[in-house]
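Input: a single structure, listed below in structure tokens.
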Amino acid sequence: MLTLALIALPLISALLIFALGAKPARTLALGSSLLSLLLSLGAYYLVHAGQTELLAFDQAWIGPLGLRFAFNLDGISLVLVLLTAITTPLIICSTWNKEISNPHLFHGLTLLMVASMTGAFTAADGLVFYLFYEIALIPIFFIVMSWGGENRVRITLKFFLYTLFGSLFMLLSLLYVYHHTPNGSFAFEDLYAAGRMLSAGEQGLVFAGLFIAFAVKMPVFPFHTWQPATYSTAPTAGTMLLAAIMLKMATYGLVRIAVPMLPDGIMEYGSWAIVLSVISVVYASFMAIVQKDYKLLIAYSSIAHVGLISAGVLTGTDTGIAGGTFEMFSHGVLSVGLFFVYDILERRMGSGEMARMGGIREVNPLFAFLFFAIVMGSVALPFTSGFVGEFLLIQSLATANIWYAVFGGLTVILGAVYMLRAFQLMMLGEANVHTRSFAALSRQETILLSIIVALVVVAGIYPAPLLDIQAEALHNLIGSFH
Amino acid sequence: MERLVTLIPLFPLAGFLYITFLSKGLSRSFVGTVGAGAILLSFVASVLVFSTQLHGEPVVVKVFDWITAGSFEVDFAFLVDPLSTIYLLFITGVAFLIHVYSAGYMHDDEGFNRFFAYLNLFVFFMLILVLGDSYLTMFVGWEGVGLCSYMLIGFWYKDMRNNDAAKKAFIVNRIGDLGFILGMVLVFIYCGTLSFGELYIMDTAISGLHGEVATAAAILLFVGAMGKSAQIPLHTWLPDAMAGPTPVSALIHAATMVTAGIYMVARSSQLFQMSETASAVVVIAGLLTSLLGATIALTQNDIKKVLAYSTVSQLGFMFVALGMGAYTIAVFHVITHAFFKALLFLGSGSVIHAMGGEQDIRRMGGLKSHMPVTYWTFLIGTIAICGIFPFAGFFSKDQILAHALEHNIPVFALLMLASMGTAFYMFRMFYLTFHGHFRGSHEQEHHLHESPRVMTIPLVVLAVLSTVGGFIGFPHAIGESIGIHHWLDHFLENTVVMSYSTLSAGSEVILAVVAMAAAAVMIWYAFSVYVKKGTRALEDDEVESQAHRLLANKYWFDELYDATIRRPADALSGWLSRLVEPRMIDGAVEGSGRLTRWSGEAVRTIQNGSLTTYLLAIIAGVILMLIWLN
């Protein structure tokens, strides 16, 4: 029931916000998202206490086809639900210093998206997952289309068609396995059993379909070209939704569907996907090095980080999955921070063009300090959340093949190269004509950045709450085929 | 005791937090006292913990559950054993002196509070590095000190050259860190733990590694050590790091952080013992680095650069010792080096302070009469590094040479060469700075003064330590015959693999005399060139000999890396972003979009709404089918 409430609350709030108009939109949205946060903390308590009966929901839907409306919230889902619940209020707050036209539509769409992503993270059934995965595309489509920047129509269309096209392969793969279930069922348990009965070759093909769908969404090289343009043109709150939460549906999909359903296929015919993911890490890092615009740089760095998650998860090891799930959380929080920094810069400088910046630290040391802490999280310094995830992922890669770890590990070096270069260009040196009058942070901005920094540091020093909570779910997922 | 150990790093952490968040409006002397006081408390606690190790057993103190992910499990825990406690002792001791000195040196800097905050944070991470019971906990400190090093090299962040130096230090260290990470990963895969206690001390889980994998793990970990301890080919960041304030150079880039690599290899002595190849790699890297540093230092004219290359060279000596299996001797040299090199750097800071920021020894000269305390203490440091009895450097360096003599004559010969170079460049710098006539401007001459007592007292204390510090490691052979034993070897013998020198007392004495005679010759030579003849050092545009130019330009390493790594990488980035990404990858995506539209358009022309066309098409289709079926 709680799981259902976590989906229904933002959904109902969104409808309410649409109905009540612009004025109370912000407050309502924030209130609703904070309530969701409380609910998800309640869910944490229940998972922790092992009281799982409140977290599952199963209702017959289309009987003859064996379709069920089924949800379950286990430790792995919980990390993603928490990520969603923690970042949503931050994302809503990030718009507080900005004038948005039609705020009720904007916030309503945001909550709709949250509802559908939460649905995807808690689905216990392949088709339910697929539906929520797809529905989430609609609100973000409208958000980018209506509040986006230059070339938004062209870019949004490309993003929409590309991901839609990718998802078709997921549907085909799911249907294929569905037809091999004895009673015709999309329930994950049945899909796992049926998938593992397939020959390794068949599994490999089914996996290829799934991976293409997820690779477009994450994105992974060479399916990534929609991403930088979309991240760049989307309103920053939309970019945060995309980078912090939405792409996690794809990495979560690898964890929840691909890895447990197709172990032999991935083992024998899946290394191309790990290779592509590792290429993604290196390729996107090199792309990030030459970016002149801060927002594009962050977009490429996101591809690099997500590539590592994808590669680590696909090793199918417990370390890879736990580390990958943790890194999803870390990357989500850091993405909100990094893009919020863009928002702060854009409001004051008009753009993210780094060449025009410089010397901001001199004018605004507090901002530089908080930004630096987020940069350190992004380059995965120990005692930040980034390190825990990245190290576990590299560890898991090495168990599969040491060369994956060597090339994937290049992010340790290249990440420092592009992030420190950007930080130095933007923040250090002497202030120039553009930055001399760089306005101080507002109270909301300071609080928001501080919360993000605190999350990154606390989760880095004491990651146990987010790692240990996965233990049982991990055992159920992996133990089932090892 | 368990609480006491946890407190050791917590004092400087508290100092950092206090100064960062609560020091607004407080006076500088108060902030300085808080900063130095935090370290003093750590020092006291370290002394107490150290005393338990004189007769006690190693203890693992678990602080909290850190990372558990499936089969991967690492606690955040501290290991208290002789090796870690001796490091605690000299780190907190030297750091305290440098904090006191900084209160004077940085007094007029607008970033005074920030400086003490960073310095405290650095000590915190350094203590985590040393106390960590696992490679992963050590890595927290390892990267943390790197972070502080970055922030302190770029302390004066308005000057982009400082920022470039800071960034270079961070990135070069990160190259090493990838090696460290991969080394750890291998150790975990084969041994199932990263805890030093389980790998080396209470158990021998390290034996899960053998053969080529042991070699690979050892070399990868050593790559990490190369980055942190500035060994060829990852040495180029350390001289640039002199862009930071001088106390930073003394504390981080001479006495403590850069010796972390030696600590790590000594910690892993059992692992390195398992692989002759890895040990040989360590010897070769150390030997080349010691020669490189000693030769480049001959031609440098920036007082801090001379000391920086000297540090590079001395670190090379320590790695040679490690590679030959003389782990305790390497640790011994770390300690004596911390004393005399901190002394020399702080002395150079005192000189720079008096010279109004000037660092070029060609603009100095005759400072002896103006700053007697700095002069005498600096002289002690210089003699100590040259390895003259009874100063601290003599004991540790002599034992490295003794081991080399036993193991490998060419290594011994080359070390002797580096050691003679050391004597020459150190006294060249010393004479040019303190003897002869003053060569700076009148203004500078007028300004010359001895530094305040808050700066000279630490110099004096370090000078005392540089004088007597060597007696903790009296050579075995000689010591036995006169009843003094090698306290340090004895203290560390159950912690690291031991390798005792088998030279007889007689040959030990001969070796010591020869080594000192060689150094004395070089000192005399420097004296005759720079004092007796009064030769001045060449200006940059007067350098003509090719060899001199090669050294003055540091063997062109920076240029080499620029041409072979940096520019190709930039070119690759440019090529990817201009051609591959827009034309090839996105081109294919857009192309498939266009193909869809084009095919749609093409098919649409058939669907033109005219019934006759459809009828004709149906008939044609039926005919074709009939033909095909027949």
Side-chain angles (χ1 to χ4, degrees), chain A residues 158 161-162 221-226 283 286-287 289-291 317-323 326 359 361-362 372 376 379 381-383 387-388 391-392 394-399 402 405-406 409-410 412-413 415-417 420-421 424 427-430 461-464 467-468 470-471 474-475 478, chain B residues 20 64-72 76 114 125 136-137 139-144 146-147 150-151 154 157-160 162-164 166-167 170-171 173-175 177-178 181-182 184-186 188-189 216 569-570 572-574 576-578 580-582 584-590 592-593:
Chain A
K158 179 166 161 182
L161 290 177
Y162 206 155
F221 174 92
F223 304 101
H224 66 282
T225 51
W226 63 269
Y283 178 89
F286 273 106
M287 287 298 291
I289 290 176
V290 281
Q291 295 308 311
T317 56
D318 49 4
T319 319
I321 291 175
F326 187 87
R361 178 175 178 181
E362 183 189 348
F372 186 67
M376 286 298 112
V379 303
L381 201 81
F383 273 5
F387 174 70
V388 178
F391 180 79
L392 291 172
I394 294 175
Q395 168 82 37
S396 71
L397 283 178
T399 55
I402 188 72
V406 172
L410 284 178
V412 170
I413 302 165
V417 172
L420 288 184
R421 174 182 152 273
Q424 181 172 336
M427 297 288 137
L428 304 180
E430 304 238 22
I461 295 176
Y462 194 56
L467 286 171
D468 295 351
Q470 298 179 43
L474 202 59
H475 182 77
I478 308 254
Chain B
T20 307
F64 57 85
D65 288 324
W66 190 26
I67 297 179
T68 311
S71 50
F72 184 87
F76 199 88
R114 190 160 58 90
F125 279 123
L136 205 63
T137 318
F139 193 69
V140 172
W142 188 271
E143 288 248 294
L147 165 75
Y150 170 83
M151 295 195 298
Y157 58 84
K158 285 181 205 166
D159 188 338
M160 273 300 180
N162 300 345
N163 298 327
D164 287 337
K167 188 173 68 177
F170 196 94
I171 289 168
N173 267 289
R174 270 286 167 122
I175 297 173
D177 292 351
L178 178 56
I181 290 177
L182 294 172
M184 275 197 274
V185 160
L186 278 185
F188 189 87
I189 290 174
D570 282 349
L572 174 65
S573 288
L576 292 178
S577 71
R578 275 191 308 273
V580 176
E581 174 96 354
M584 292 161 71
I585 301 171
D586 200 40
V589 176
E590 296 279 337
S592 65

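Per chain, numbering begins at 1; letters A, B, ... match sequence-line order.
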May I ask you to name which of [options] has the most heavy-atom pairs under 4.5 Å with chain A?
{"options": "B:V580, B:D65, B:L186, B:I189", "result": "B:I189"}
{"options": "B:N163, B:L178, B:I171, B:V589", "result": "B:N163"}
{"options": "B:D159, B:L147, B:D177", "result": "B:L147"}

[X] portion near chain B, given a 4.5 angstrom heavy-atom threshold:
{"X": "A:L410", "answer": "both"}
{"X": "A:M427", "answer": "neither"}
{"X": "A:L392", "answer": "side chain"}
{"X": "A:A405", "answer": "both"}

Quick one: of [options], who has the most non-hydrogen atom pairs under 4.5 Å with chain B?
{"options": "A:K158, A:M287, A:Q424", "result": "A:Q424"}
{"options": "A:Y283, A:W226, A:F223, A:F221", "result": "A:Y283"}
{"options": "A:V388, A:T399, A:L381, A:I394", "result": "A:L381"}

Validation row: [X], [Y] side chains within 4.5 angstrom (heavy atoms):
{"X": "B:I181", "Y": "A:Q395", "result": "no"}
{"X": "A:I461", "Y": "B:W66", "result": "no"}
{"X": "A:F372", "Y": "B:M151", "result": "yes"}
{"X": "A:F387", "Y": "B:L136", "result": "yes"}
{"X": "B:I585", "Y": "A:H224", "result": "yes"}
{"X": "B:E143", "Y": "A:V379", "result": "no"}

Do you know the tightest heavy-atom contact between [X] and [Y]?
{"X": "B:E581", "Y": "A:T225", "result": "OE2-CG2, 4.1 Å"}
{"X": "B:I67", "Y": "A:P463", "result": "CG1-CG, 4.0 Å"}
{"X": "A:A398", "Y": "B:V185", "result": "CB-CG1, 3.0 Å"}
{"X": "A:D318", "Y": "B:S71", "result": "OD2-N, 2.9 Å"}
{"X": "A:F286", "Y": "B:L576", "result": "CB-CD1, 3.8 Å"}
{"X": "A:L428", "Y": "B:M160", "result": "O-CE, 3.5 Å"}

For [X], is it the side chain, the backbone, both, or neither that has a heavy atom closer than 4.5 Å to a heavy atom of chain A?
{"X": "B:R578", "value": "neither"}
{"X": "B:A166", "value": "neither"}
{"X": "B:L572", "value": "side chain"}

TODO: Could you tell me which residues satisfy salt bridge (charged side-chain N to carboxylate O under 4.0 Å, His left out) with A:E362, sequence neighbours excluded, listed by chain and number?
DONE: B:K158

Open item on the list: Holding to ring-ring contact (aromatic ring centres under 6.0 Å, His included), I want the full list of residues that pass it with A:Y462, two or more places apart in sequence or in another chain.
Closed with: B:F64

TODO: Show your working on salt bridge (Lys or Arg N to Asp or Glu O under 4.0 Å) between B:D164 and A:R421 and close with a plain yes or no.
DONE: CA-CA 9 Å; B:D164 287 337; A:R421 174 182 152 273; over 6 Å; no

TODO: Look up atom CD1 in A:I413 and atom CZ in B:R174, then write down how far apart they are to the nearest 0.5 Å.
DONE: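 Output value for this atom pair is 9.0 Å.
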
Task: Pair B:F76 + A:F383: ring centers closer than 6.0 Å - done: yes

